[in-house]
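Labels below follow one simple rule: chain letters A, B, ... track the order of the sequence lines, proteins then strands, and each chain is numbered from 1. Note: hydrogens, waters and symmetry copies are ignored here, and every other heavy atom, side chains too, is used.
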Amino acid sequence: MNDATGMPQRVVVLGGGSEIARALVVRLAAHRLRAVVLAGRDDASLEAAARELEALGVPQVERTRFEANDVADHEALVHRVLERIGSVDLLLVAAGSLGTAELDALTPEVVAQLVGTNFTGPAAATAAFARAMRDQGSGRIVVLSSVAGVRVRRSNFVYGAAKAGLDGFCQGLADALEGTGVQVTIVRPGFVRTRMTAGLAAAPLAVGADDVADAIVRGLERGADVVWVPAVFQVLLAFARHLPRALWRRIPS
Amino acid sequence: MGFGRAAGSVATLHEARTARDVERVVADARAAGGRVLARGLGRAYGDAAQCAGGELVDCTPMARLLELDSEHGVVRAEGGCSIASLLRTCVPRGWFVPVTPGTRHVTLGGAVAADVHGKNHHRDGSFGGHVVALEVVGASGTARVGPGLDPERYWATVGGMGLTGVVTEVTVKLRRIATSRLAVTTERAPDLDACMARLTELDAGHGYTVAWVDGLASGGRLGRSVITAGDHAALDDLPAGMRADALAYDPRTPLSVPVAPPVSLVGRGTLRAFNEAWYRKAPRRRVGEIQSIAQFFHPLDAVRDWNRLYGPRGFTQYQLVVPFSGADVVRRTLELLQRAHVLPALCVLKSFGSASAAPMSFPMPGWTLAADLPLGSPALAGVLDEIDGVVAGAGGRVYLAKDGRLRPELLSTMYPRVAEWRAVCERHDPEQLFVSDLWRRVAAVA
Ligand SMILES: Cc1cc2nc3c(=O)[nH]c(=O)nc-3n(C[C@H](O)[C@H](O)[C@H](O)COP(=O)(O)OP(=O)(O)OC[C@H]3O[C@@H](n4cnc5c(N)ncnc54)[C@H](O)[C@@H]3O)c2cc1C
Ligand SMILES: NC(=O)c1ccc[n+]([C@@H]2O[C@H](COP(=O)([O-])OP(=O)(O)OC[C@H]3O[C@@H](n4cnc5c(N)ncnc54)[C@H](OP(=O)(O)O)[C@@H]3O)[C@@H](O)[C@H]2O)c1
């Protein structure tokens, strides 16, 4: 169960090898975490994340396969998870990949794959878990969106567009889940220094995975619907959203 | 959700009008392999009366008074009957409930399930000590239990937080009163030591005692408080004008908070001003003031839905008890809360008398402190965990009816008889049909 301060006991991570997810789950382990399922596709990163949680004394640490683009498996994934940990207090949706925004590289397959990884797949799996959690009568879904989806930029527009889709999906899902005991928290970080952005020049207001995790914990405590990291993005993006295209294009990114 | 308006969950609600309705819901849930739990008036602060994804039996329609023996002062009523409605019937006839919590809006089933205590605990103990018999709809049928009738199952139900079944009927002994008023002594205490010393002295001479502690006062004024001690007034205590209608009982709820404001109205500034005024307005010492039952026992009931004042995030109440040997835990607790900048809005201090025979009953001889705490502060979870450790280390415990966040690791330290109690529950309910969110959380089960 989630406790009165918002801390969960049973957690599922889609994209179990994510660095942001790791930082969050380590924090949850210091509170009430009893059981976690790390779902992902890369055995090595899952393994490393699992070992750390075991070392931290989390009583039950499980791994299972999750490929965002393999939507045919998502219903079965929910069953695998419930079989192992019984119920889900918190679903963290962390899978994502930046991909490319080079027009020449954007073959139909590449576009479909990127949209699948960042939107279709996470949305499909989230809907499947949302049904199970609604039937449980309680739980919380935390989805990693991005400021990149709030106003899409040239430098990562496929990723940004897919995040915009996922963000909108989650806003609607949150409304659809009203009154079911399941709450959705949308997290919108800016540039986070992780594997995903390795090699890119850090954008202004860059933060670390730990900062995102701290902000999410605060969001759980407050019962927040949306968490911006850093918080000033809420204001900045309100401007950015209404900036004329001609100006927006000229902002270096 | 609970009274603290946090960590809500959703279940299917079944209105029960009779014990037969309850039996039907329980049988259906059993056939479907589901979960069931009784809910009363939802005054538990946390998740005790929640059953996520299961079947909640709303006992409040099952609220009839079945039998009142006005000669011996024994009442038999359905499990959903509230203390409020019992008082309306009994007080004019010269009888009072043996124990009332700080709100009259609790059901008899809820009073048994939490083994509630009142301002008279130092003398009269908790609710379960005054019950003659119960009817309980368990997983495998309906049973009549009492202290002399299957005592093991009876004491597992008292303080058992609904996990032995649904209490459909309660027979309880009442207390004789000559008037519906209380003669009240009010005193100010400048600090915690003075407060504890005076409470101890007043306990010896009065049936009801409690101290309201200014949780924001620190340093040399830490624990400054207003103590009230009262006794049911005799006819002679009343002014002549009141004597004609000495048993009049007419509680009103004049004020209400109609909707939850979008932000909490309980902040440091408002609290500080309120606490200061309360302390200043109290007399240094006043004896023999006549108060009504509602004024003395249920002051918070004067504002309907006051829990909404805490805004959308809600609040929790932390209530601890420590043996008298651990009295300094009370001071430590106030200091730790203040250091973490968690605002202990309303604090209440009282000493408990003897413990009940029920394995899961909260009270034990010692000091109990209750503090309402707004949720949402980043320091709250950590500081409460720290206080839990201090409380457990002193041999104390926290009250599950108020809890929303206790660490599962500490359950068996605080409630050393939990395994014995679970064994009784499971003997009567091997499939563990009766489950609450509270139990899933503190026992860390899925
Ligand atoms: C303002 C306020 C002041 C309070 N002061 C005190 C106090 O001074 N002393 C004290 O001890 N408590 C106090 N409480 C707590 C309250 O007395 C208990 O939580 C009590 O159990 C609430 O009864 P309820 O009918 O609202 O039950 P609910 O909150 O609905 O349920 C509480 C528990 O009882 C179980 N339960 C309810 N009905 C039944 C039934 N028919 N059969 C079996 N189980 C049942 C539920 O499953 C749940 O576990 C206070 C609460 C408030 C809000
Ligand atoms: N870093 C940032 O600047 C930033 C900013 C805003 C939002 N976010 C979002 O935050 C989340 C976590 O990112 P991060 O920074 O922690 O990066 P990360 O460490 O790279 O994590 C991303 C995770 O997604 C997984 N993944 C990628 N494609 C997948 C697919 N097709 N199916 C299943 N899993 C897949 C990766 O698994 P593999 O190991 O198998 O590749 C990896 O575990 C992402 O959703 C990201 O979009 C990041």
Side-chain angles (χ1 to χ4, degrees), chain A residues 1-12 27-37 57-60 62 81-90 130-140 177-183 213-225 227, chain B residues 1-13 34-35 45-48 50-56 263-264 311-318 342 373-385 402-409 435-446:
Chain A
M1 301 303 306
N2 288 307
D3 76 3
T5 65
M7 294 303 122
Q9 294 182 324
R10 288 162 197 278
V11 173
V12 181
R27 280 162 177 72
L28 299 181
H31 289 274
R32 297 289 184 265
L33 188 64
R34 311 295 296 197
V36 60
V37 181
V58 177
Q60 189 185 0
E62 304 272 351
V81 164
L82 291 179
E83 231 160 61
R84 298 204 201 160
I85 63 168
S87 59
V88 178
D89 302 330
L90 186 140
R131 265 193 298 281
M133 292 167 83
R134 175 204 57 198
D135 294 346
Q136 280 177 187
S138 75
R140 183 185 289 272
L177 288 172
E178 180 97 35
T180 64
V182 183
Q183 219 190 322
D214 284 336
I216 297 175
V217 169
R218 279 291 292 126
L220 295 177
E221 284 166 348
R222 292 197 331 264
D225 296 324
V227 174
Chain B
M1 56 178 111
F3 193 72
R5 302 171 57 81
S9 73
V10 171
T12 309
L13 200 63
R35 313 182 156 113
Y45 277 71
D47 45 9
Q50 292 176 187
C51 182
E55 318 301 316
L56 260 185
V263 295
S264 173
R313 188 58 186 89
F315 67 111
T316 186
Q317 188 179 86
Y318 189 83
V342 170
L373 303 169
L375 287 167
S377 142
L380 184 65
V383 73
L384 292 184
D385 281 353
K402 311 262 174 100
D403 179 59
R405 30 70 46 206
L406 177 67
R407 211 166 42 246
E409 289 81 353
V435 179
S436 63
D437 288 4
L438 168 81
W439 178 249
R440 288 172 66 190
R441 181 172 55 74
V442 297
V445 291

For residues A/Arg218 and B/Ser377, report the shortest heavy-atom separation together with the two atoms involved.
-> NH1-C, 4.1 Å

So, the part of B/Thr12 with a heavy atom under 4.5 Å from chain A: the answer is neither

Could you tell me which non-hydrogen atom of A/Asn2 sits nearest to which non-hydrogen atom of B/Arg441, and how far apart they are?
-> O-CD, 4.3 Å

Mind ranking B/Gly4, B/Ser9, B/Gly2 by heavy-atom pairs under 4.5 Å with chain A and telling me who comes out on top?
-> B/Ser9

Heavy-atom closest pair, residues A/Ser87 and B/Ala446 | OG-O, 3.3 Å

Under 4.5 Å from any heavy atom of chain A - which part of B/Leu384 = neither

Below 4.5 Å, heavy atoms only, C-beta onward: do A/Arg34 and B/Pro408 meet side chain to side chain?
-> yes

Contact part of B/Ala6 toward chain A, heavy-atom cut-off under 4.5 Å: side chain, backbone, both or neither?
-> side chain

Where A/Arg222 and B/Arg313 come nearest, the two heavy atoms and their spacing | O-CD, 3.0 Å

Contacting region of A/Leu82 [heavy-atom separation from chain B under 4.5 Å] = neither

Between the main-chain N or O of B/Ala444 and the side-chain N or O of A/Arg10, is there a donor-acceptor pair closer than 3.5 Å?
-> yes

With a 4.5 Å cut-off on heavy-atom pairs, point out which of B/Gly376, B/Pro378, B/Gly404, B/Gly382 contacts chain A the most.
-> B/Pro378

By a 4.5 Å heavy-atom criterion (distance strictly below it), what part of B/Asp403 contacts chain A: side chain, backbone, both, or neither?
-> neither

Output yes when a side-chain donor or acceptor of A/Gln136 lies under 3.5 Å from a complementary backbone atom of B/Ala52, and no otherwise.
-> no

A/Arg32 and B/Arg405: CA distance, side-chain angles, deciding distance, side-chain contact (heavy atoms from CB on, under 4.5 Å) verdict = CA-CA 9 Å; A/Arg32 297 289 184 265; B/Arg405 30 70 46 206; 3.7 Å; yes

Contact winner vs chain A - B/Thr316, B/Asp47, B/Val445, B/Leu438, heavy-atom pairs under 4.5 Å | B/Val445

Counting only heavy atoms closer than 4.5 Å, note whether B/Ala381 contacts chain A via side chain, backbone, both or neither.
-> both

Among A/Asp89, A/Thr180, A/Leu220, who wins on heavy-atom pairs under 4.5 Å with chain B?
-> A/Thr180

